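The figures that follow rest on heavy atoms only: side chains count, while hydrogens, waters and symmetry mates do not. All values reported here derive from a predicted model rather than from experimental measurement.
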Amino acid sequence: QVQLVESGGGLVEPGGSLRLSCAASASISIIGIMGWYRQAPGKQRELVATITEVGGTNYADSVKGRFTISRSGKSVYLQMNNLKPEDTAVYYCTAPFYAAWGQGTQVTVSS
């Protein structure tokens, strides 16, 4: 069973940056593809970005050019730049092959 723990959320002003981290209980090379999703109040959970075990990435159109997903060892990261109020949500790390989700970390973008 794979366990995931997110960290790095917080309150930031529009245009600011945050870096989210996801610590996995096993090597990313074993877990395979991993991703970040987010869920805003009253909305469905949506895909933000994914990264494969060989480093291939995919992004939602709404975050392309602003967010970067990366991985190292047992961790996956989401660097978020030029944050907008509409990026406010709970962000979740996931390992789809293992149906594993983290507990989520709140990101709030507000002045």
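Between R66 and L83 the shortest heavy-atom distance is NH1-CA, 3.9 Å. Nearest approach of R71 to I51, heavy atoms of both residues: CG-CD1, 3.8 Å. The minimum heavy-atom distance linking Y91 with E6 is given by the pair O-OE2, 3.9 Å. Of all non-hydrogen atoms in P14 and S111, the two that sit nearest each other are CD-N, 3.7 Å. I31 and A26 get closest at one heavy-atom pair: CD1-O, 3.5 Å. Nearest heavy-atom pair across A49 and L78 is CB-CD1, 4.3 Å.
At least one side-chain heavy atom of Y59 sits less than 4.5 Å from a side-chain heavy atom of I69. Within the 4.5 Å cutoff, the side chain of D87 has heavy atoms near those of the F67 side chain. Under the 4.5 Å side-chain criterion, counting only non-hydrogen atoms from C-beta, L20 is in contact with T105. At a threshold of 4.5 Å between non-hydrogen side-chain atoms, the residues M34 and C22 count as touching. Side-chain contact between R38 and S62: present, with at least one pair of heavy atoms (C-beta onward) separated by less than 4.5 Å.
Of the N and O atoms on the side chains of R45 and Y37, not one donor lies less than 3.5 Å from an acceptor on the other residue.
Side chain of S25 to main chain of Q3: a donor-acceptor pair is present (N/O by atom type, distance under 3.5 Å, no hydrogens or angles). Of the possible donor and acceptor atoms, one in the side chain of T88 sits under 3.5 Å from a partner among the backbone N and O of V109.
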Stepwise side-chain contact (heavy atoms from CB on, under 4.5 Å) test for W36 and T94: CA-CA 6 Å; W36 287 95; T94 182; over 6 Å; no

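Remark: S70 pairs with Y77 by the side-chain contact (heavy atoms from CB on, under 4.5 Å) rule, at least two apart or across chains.
Each side-chain hydrogen bond (donor to acceptor under 3.5 Å, both in side chains) pair with one or both residues in residues 47-56, not counting sequence neighbours, would appear here, but there are none.
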